[in-house]
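The structure under discussion appears below in the form of structure tokens.
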Amino acid sequence: MDYRAPKGTADMLPETARAWEHMQRTAQELFARYGYQPLYPPVFEHTEIFARGIGEATDIVSKEMYTFEDRGGRSVTLRPEATASIVRASLEHNLVPPGSVAKLYFMGPMFRYERPQAGRMRQFWQIDAEILGAAEPSADAEMIALLARYFETLGITGTTLLVNSMGDDACRPQYREKVRAYIREHSEQLCEECARRADTNPLRAFDCKKPTCRDVMDLAPKLRDELCRDCAAHYSAVKGYLDDLGIAYVEDPSLVRGLDYYTRTVFEIQAPGLGAQNAIGGGGRYDRLMEQFGGPPTPGLGFALGFERTLLVMQAQGLRVPAPATAEVYVARAQPEVASAVFELAARLREAGISAELDHQARSLKSQFKQADRLGARLALVVGPDELAGGEVTVRAMATSQERRAPLSGIAEVLQGLLAEG
Ligand code: AMP
């Protein structure tokens, strides 16, 4: 039997899992201050939720989804992103009645059939935030600020915030035609896939990483110059709010994110040292998505940030997540016959808030001490029949091997005192 995890997936071993839990806690605390509530949709949805929501011509829908038929013959898909599910859930539960705003977040795994490499997995973990019902540019700026603030709170430095506007139904269709015409004119100089994009999804050619395509697309018409009045005003207000907050950003007219549903503001935060997978988080506005799902016109916007890439940046920047103590005190038994007293004592200490470990392998006292050292225990309690008879235990400082007797009643308080002394 092959006991390696499937390609593109990884077990989150304790050190990594601790970092993920730290990232989740940090998000929970920070997002609450911005008025967000948690909402956890299912890990799989009916396929059409993503196919229609994200767009048939996107990379995600056309080649990256984990889609299968369940035993009832329904086509279901492991979620490749979060927004479509949140919008679906909001409609199902009427979370955004007209005139209201919902701020929602969740964290969990996403699935895309991509070519795995550092920072690009087939199962990866995201933290996602969405605002539904808010049309004003202040919401865009608040959302961008939250994403930037999140990475700062983790201690990450040196990131770049990119912003752009993708226009709306009033200006993007004409613009898309211009890019289509431009791609056709330059198809000889573009890679095959970009040339083909003229027919399917012209704006995606801006996302190609090949240097020759980049050079060509750098000279393509830019939507920034062709935004309709409303979109231009919205974009400039978003930037104004960011300026007010003192948040530095770079306008990148070629930032077109890979999902069809975006309108107006899009943004991305890039981190140094990650090569091609340098986007650690990003998002944008999607004012038409609710309607596409058959709901009432409801503006929306959101972002997603990725755990794996963020962790790579934290590691590169020397940011460590401290490990909580798992065994401050080791409760050792001097003789097998005191096993049940040791068992109860360890339980009592844990209830008193002390992390305690004991032997479950009938080790000798000497190897119990070795185990205590391995676990990093600062104190050991040595329990023997004589001590017990006198209502006492021996407290051993692991670093110095110094021992002293202490009364069994009130032992938790004694240990807490010793642990606090350091
Ligand atoms: P996206 O939904 O593509 O905008 O992705 C949002 C964030 O999720 C990115 O900035 C990455 O941090 C992360 N991400 C996206 N795809 C992957 C992947 N295949 N593996 C790891 N992280 C990813």
Side-chain angles (χ1 to χ4, degrees), residues 5-12 16 19-20 23-24 27 41 45 49-50 53-55 58-66 77-87 105-130 143-144 146-148 150-151 154 156 159-164 166 201 203-204 206-209 252 255-263 265-286 289 300-316:
K7 185 173 173 186
T9 72
D11 297 305
M12 242 194 241
T16 310
W20 171 232
M23 274 183 60
Q24 292 181 85
E45 297 270 2
I49 294 293
F50 302 118
I54 301 170
T58 58
D59 282 357
I60 292 182
V61 173
S62 64
K63 46 190 187 196
E64 294 174 359
M65 294 211 299
Y66 277 91
T77 295
L78 299 182
R79 64 180 178 213
E81 61 102 51
T83 303
S85 297
I86 294 272
V87 167
Y105 74 88
F106 81 94
M107 329 184 187
M110 303 289 156
F111 306 85
R112 294 183 196 171
Y113 193 79
E114 296 199 83
R115 206 152 35 80
Q117 59 189 78
R120 192 160 80 191
M121 303 291 288
R122 289 181 174 172
Q123 175 177 332
F124 56 98
W125 300 72
Q126 277 188 346
I127 297 179
D128 176 78
E130 312 283 343
M143 186 126 235
I144 294 171
L146 174 58
L147 183 61
Y150 178 74
F151 291 122
L154 290 176
I156 291 174
T159 57
T160 307
L161 165 65
L162 304 178
V163 297
N164 189 24
M166 295 189 63
N201 203 349
L203 301 192
R204 297 290 300 154
F206 283 109
D207 247 5
C208 186
K209 303 275 188 253
D252 180 356
L255 179 68
V256 291
R257 296 181 38 80
L259 307 104
D260 275 0
Y261 54 59
Y262 286 119
T263 49
T265 315
V266 288
F267 52 94
E268 194 163 281
I269 293 195
Q270 301 188 340
L274 289 183
Q277 313 304 321
N278 63 351
I280 52 177
R285 183 170 270 289
Y286 48 82
L289 191 58
L301 62 165
F303 69 65
L305 65 97
F307 164 64
E308 288 78 6
R309 290 180 205 177
T310 305
L311 180 64
L312 288 173
V313 178
M314 288 177 69
Q315 286 166 341

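Everything numeric here is computed off the predicted structure, so don't read it as measured data. Just so you know, ligand 1 is whichever comes first in the structure, and atom 1 is the first atom listed for that ligand.
- Residue Gly119 approaches ligand 1 through these ligand atoms, each under 4.0 Å from one of its heavy atoms: 20 (N), 21 (C), 22 (N).
- The nearest heavy-atom contact from the protein to atom 13 (C) of ligand 1 is Gly306 CA, 3.6 Å.
- For Arg120, heavy-atom contacts with ligand 1 shorter than 4.0 Å involve the backbone as well as the side chain.
- Side chain of Asn164 to main chain of Leu255: a donor-acceptor pair is present (N/O by atom type, distance under 3.5 Å, no hydrogens or angles).
- Nearest protein neighbour of atom 9 (C) of ligand 1, counting heavy atoms only, is Ala279 O, 3.6 Å.
- The protein heavy-atom contact nearest to atom 4 (O) of ligand 1 is Arg257 NH2, 2.3 Å.
- Only side-chain heavy atoms of Arg112 come within less than 4.0 Å of ligand 1; its backbone N, CA, C and O stay farther off.
- The closest approach between Met121 and ligand 1 falls below 4.0 Å for a heavy atom of the residue.
- The closest protein non-hydrogen atom to atom 19 (N) of ligand 1 is Glu114 OE2, 2.5 Å.
- Other residues, nucleotides and ligands place no more than 12 heavy atoms under 6.0 Å from the OH atom of Tyr113.
- Using a 4.0 Å cut-off between heavy atoms, Glu268 makes no contact with ligand 1 at all.
- Checking only distances, Phe124 never comes within under 3.5 Å of ligand 1, N or O to N or O.
- For ligand 1, none of its N or O atoms has an N or O atom of Leu305 under 3.5 Å away.
- In this structure the side chain of Thr159 never reaches within 4.5 angstrom of the side chain of Val313, judged on heavy atoms.
- With hydrogens and angles ignored, the 3.5 Å screen pairs no side-chain donor or acceptor of Arg285 with any backbone N or O of Thr265.
- With sequence neighbours excluded, no residue forms a side-chain hydrogen bond (donor to acceptor under 3.5 Å, both in side chains) with Tyr150.
- Backbone and side-chain nitrogen or oxygen atoms of Ile280 are examined, and one is located within less than 3.5 angstrom of a nitrogen or oxygen of ligand 1.
- Ligand 1 places these atoms under 4.0 Å from at least one heavy atom of Gln126: 2 (O), 5 (O), 6 (C), 7 (C), 8 (O).
- Remark: the backbone N or O of Arg120 is not paired with any side-chain donor or acceptor of Glu308 at under 3.5 angstrom.
- Panel note: side chain Glu81, backbone Thr83; a donor-acceptor pair is recorded below 3.5 Å.
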Problem set entry | Candidate pair Glu45 and Thr77, rule side-chain contact (heavy atoms from CB on, under 4.5 Å), full reasoning | CA-CA 6 Å; Glu45 297 270 2; Thr77 295; over 6 Å; no
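- When atom types are taken as modelled, the side chain of Arg112 and the backbone of Ile60 share no donor-acceptor pair closer than 3.5 angstrom.
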